Amino acid sequence: MKDLQQKIIAFRDARNWRQFHTPKDLAISLTLEAGELLENFQWKTSDEAVQANFEHIKDELADVVIYALLLSHELGIDLEEAIINKMEKNEKKYPIEKAFGSKKKYDELK
């Protein structure tokens, strides 16, 4: 993940775009790209959307990840470590014996 992040940083820096990449603006951009990803699914079933818009979905998903990697870099967050820590939290919130096959939120599991 760090190699990918460094490629993205190099691309950005070669264009002198860091000046525009404040944490606030990166968070906004990440959200906008997530909206563009979601737009591919509007008024379609999941299957229809994937079949009709697969290439667009790939591009928009890549944009979301790019902005997430840029934001994590600017904030000094080791994203790989953050994901591992979040998964550990999720394992506690959603134990297999309670969450298996359920779409309930953790506070609704019994």
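As the structure is a computational prediction, the values presented were derived from the model and not from experiment.
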### Message
Please say yes or no: joined through hydrophobic side-chain contacts below 4.5 Å, possibly via intermediate residues, are Leu71 and Leu4 part of one cluster?
### Response
yes
### Query
Should Leu75 and Val65 be counted in the same cluster of Ile, Leu, Val, Met, Phe, Trp and Tyr side chains packed under 4.5 Å apart?
yes
#### Entry: Any pair counted as side chain to side chain donor-acceptor pair (under 3.5 Å), so long as it reaches residues 66-91, sequence neighbours left out
Lys2-Asp78, Gln5-Ser72, Arg12-Glu74, Arg18-Glu74
Which value, rounded to the nearest 0.5 Å, describes the distance between [X] atom [atom1] and [Y] atom [atom2]?
X      : Y     : atom1 : atom2 : answer
Leu30  : Ile66 : CG    : CD1   : 11.0 Å
Ile83  : Met87 : CD1   : CE    : 9.5 Å
Lys104 : Lys98 : NZ    : NZ    : 11.5 Å
Leu61  : Glu36 : CG    : CD    : 12.5 Å
Leu37  : Leu32 : CG    : CG    : 12.5 Å

#### Entry: By side chain to side chain contact (heavy atoms under 4.5 Å, CB included) - contacts of Glu48 (at least two apart)
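With sequence neighbours excluded, Glu48 shows a side chain to side chain contact (heavy atoms under 4.5 Å, CB included) to Lys44, Thr45, given in chain and number order.
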### Message
List the residues meeting side chain to side chain contact (heavy atoms under 4.5 Å, CB included) with Gln51, not counting sequence neighbours, and say none if there are none.
### Response
none
With heavy-atom distances below 4.5 Å as the criterion, would you say the side chains of [X] and [Y] are in contact?
X     : Y     : answer
Phe20 : Asp25 : no
Glu60 : Glu33 : yes
Lys24 : Ile28 : yes

Identify the heavy atoms of [X] and [Y] that sit nearest to each other, and give their distance.
X     : Y     : answer
Met1  : Leu79 : SD-CB, 4.0 Å
Ile57 : Asn40 : CG1-CB, 3.7 Å
Ile9  : Leu70 : CD1-CD2, 3.6 Å
Ile8  : Leu69 : CD1-CD1, 3.6 Å

#### Entry: Enclosure of Lys93 NZ (heavy-atom neighbours >12, cutoff 6.0 Å)
yes
### Task
Check for a donor-acceptor pair, side chain of Glu108 on one end and backbone N or O of Lys105 on the other, with a separation under 3.5 Å.
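A pair under 3.5 Å: yes.
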